[in-house]
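Below is one structure, written out as structure tokens; the observations come after it.
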Amino acid sequence: MIRTRFSQAWRLAAAATLVVAVSAQGSAAFAQPSSPTGAVSAEVIIVLGSESQGPTDPAVAQEPVLANPVFQQFRSMRILARPQISLTLNRLVEVPLPNGRKLQLTLTERRADGRCLVRVSIPRYLPSAIVELSRGTPFFQAGQAYQNGRLVLALRIR
Amino acid sequence: MTAEHIEDDRLQMYFDRELHPGEATIVARHVAECAACKKKLVRLERMHAMFTGAARAQATAGDAQLGDAMFAKIQAGITKNDAVPMSERLHVVSDELATHRRGMVVSIGAAFAAAVVVLVVLLSRSSGPAVLVNDSVATTGSGLPQVVRPEQPVGSSKVLHVDFGARAGTVFEVEGQQGSAVSVVWIDEDVGSDGEAP
């Protein structure tokens with residue numbers, strides 16, 4: 001009798017564990033913006049930082065990273081463009097830059113936890129970089145000369 | 001078979017009715033005329049009767065014993081149940097039901113605990129360690145590929161590999177929102193070139 005109840009308990013526990021595991025995995029997959037084989041929504045924020053005095057876009061001010069000492073040389077920051085893009089696995093996406101160059105992005109891997117690997121390159125400037133991105137956390141590339149200032153590019157996946 | 005007597009094997013087969021009809025007729029005729037073979041056949045019949053009789057007797061005795069034992073158990077059970085009043089018997093049944101319910105509660109509790117453990121493990125795996133990395137700087141001017149340290153908190157951006165080419169570049173790691181680590185690849189370029197440098 002006792003043995004039967006124990007086996008029932010274990011069976012019930014195993015079933016509940018399985019259900020929870022499956023639902024947790026399902027909810028984790030559901031929490032991702034799209035399926036692992038689907039596209040990833042992203043945006044590129046193109047900012048011009050200048051050492052000249054001037055206004056700073058409120059949207060830039062909302063990005064705490066840009067308040068980091070790395071960017072403190074800029075006395076003004078202005079958003080030039082904010083293209084929304086869609087990254088598909090192993091498919092090159094080009095974002096034209098104000099200086100005539102192109103930001104080339106390729107999604108190389110989508111991980112189960114939502115992180116993505118993106119190959120970033122800017123011909124004649126940055127040969128290549130492999131960046132691991134988490135949703136909402138940007139990656140910055142800065143330093144290109146443009147209109148007596150420097151371009152700051154922020155790449156963020158959603 | 002010899003000229004005068006039938007071999008024992010054949011006689012046994014005759015006794016067991018395993019011979020063909022024609023052959024059995026020959027054996028029967030011989031046995032009817034031969035006293036020695038007839039004697040052997042009678043002995044076979046006796047032995048057969050003895051074995052089957054013993055088996056039957058043993059089976060009958062065993063059945064009787066088994067039947068008696070079962071009957072005794074049934075009687076004992078009836079007597080025992082008759083000795084316990086109906087109210088007490090119902091009480092025992094309700095106790096068993098309560099015990100069963102307790103067993104169910106224990107089962108559900110165990111299942112719930114196991115489910116919580118699994119959920120905690122899954123959540124801890126997906127959230128990762130909450131390690132905050134201070135700002136760090138890695139610089140290369142040689143154009144060699146640069147690999148930034150591998151361990152990073154989830155919720156950060158991380159440069160796994162960068163090729164600066166012929167330019168000098170720096171990889172910064174600065175603090176972002178909610179303590180996340182944010183990577184910055186900085187490649188200086190002469191101001192005024194407007195990105196059209198060769």
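Every chain is numbered from 1, with letters handed out A, B, ... down the list of sequences. Every value quoted in this text rests on a predicted model; they were computed, and no experiment measured them.
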Does A/Glu132 use its side chain to pair, donor to acceptor, with the backbone of B/Lys158 at less than 3.5 Å? no
Nearest 0.5 Å, please: how far is CG in B/Leu160 from CD in A/Glu109? 9.5 Å
Does A/Tyr125 use its side chain to pair, donor to acceptor, with the backbone of B/Phe164 at less than 3.5 Å? no
Name the option with the most non-hydrogen atom pairs under 4.5 Å to chain B; the candidates are A/Leu66, A/Val131, A/Val120, A/Ile157. A/Val131
Side-chain contact test, heavy atoms from C-beta onward, threshold under 4.5 Å: evaluate it for B/Ile187 versus A/Gln141 and give yes or no. yes
Which atom of A/Ala145 lies closest to which atom of B/Glu189, heavy atoms considered: N-OE1, 2.8 Å
Counting C-beta onward and ignoring hydrogens, is there a side-chain heavy-atom pair between B/Val185 and A/Phe139 closer than 4.5 Å? yes
Just say parallel, tilted or perpendicular for the rings of A/Phe71 and B/Trp186, cut-offs at 30° and 60°. tilted
Which atom names give the shortest non-hydrogen contact between A/Leu126 and B/Asp163, and what distance separates them? CD1-O, 3.7 Å
Chain B heavy atoms under 4.5 Å from A/Leu97: which part of the residue, side chain, backbone, both or neither? neither
Hey, does the side chain of A/Thr137 reach the backbone of B/Ser157 with a donor-acceptor pair shorter than 3.5 angstrom? no
One should read off an interatomic distance between B/Asp188 CG and A/Arg150 CZ, to the nearest 0.5 angstrom, of 4.5 Å
For B/Ser156 and A/Ser134, which heavy atoms make the closest approach, and how far apart are they? O-OG, 3.0 Å
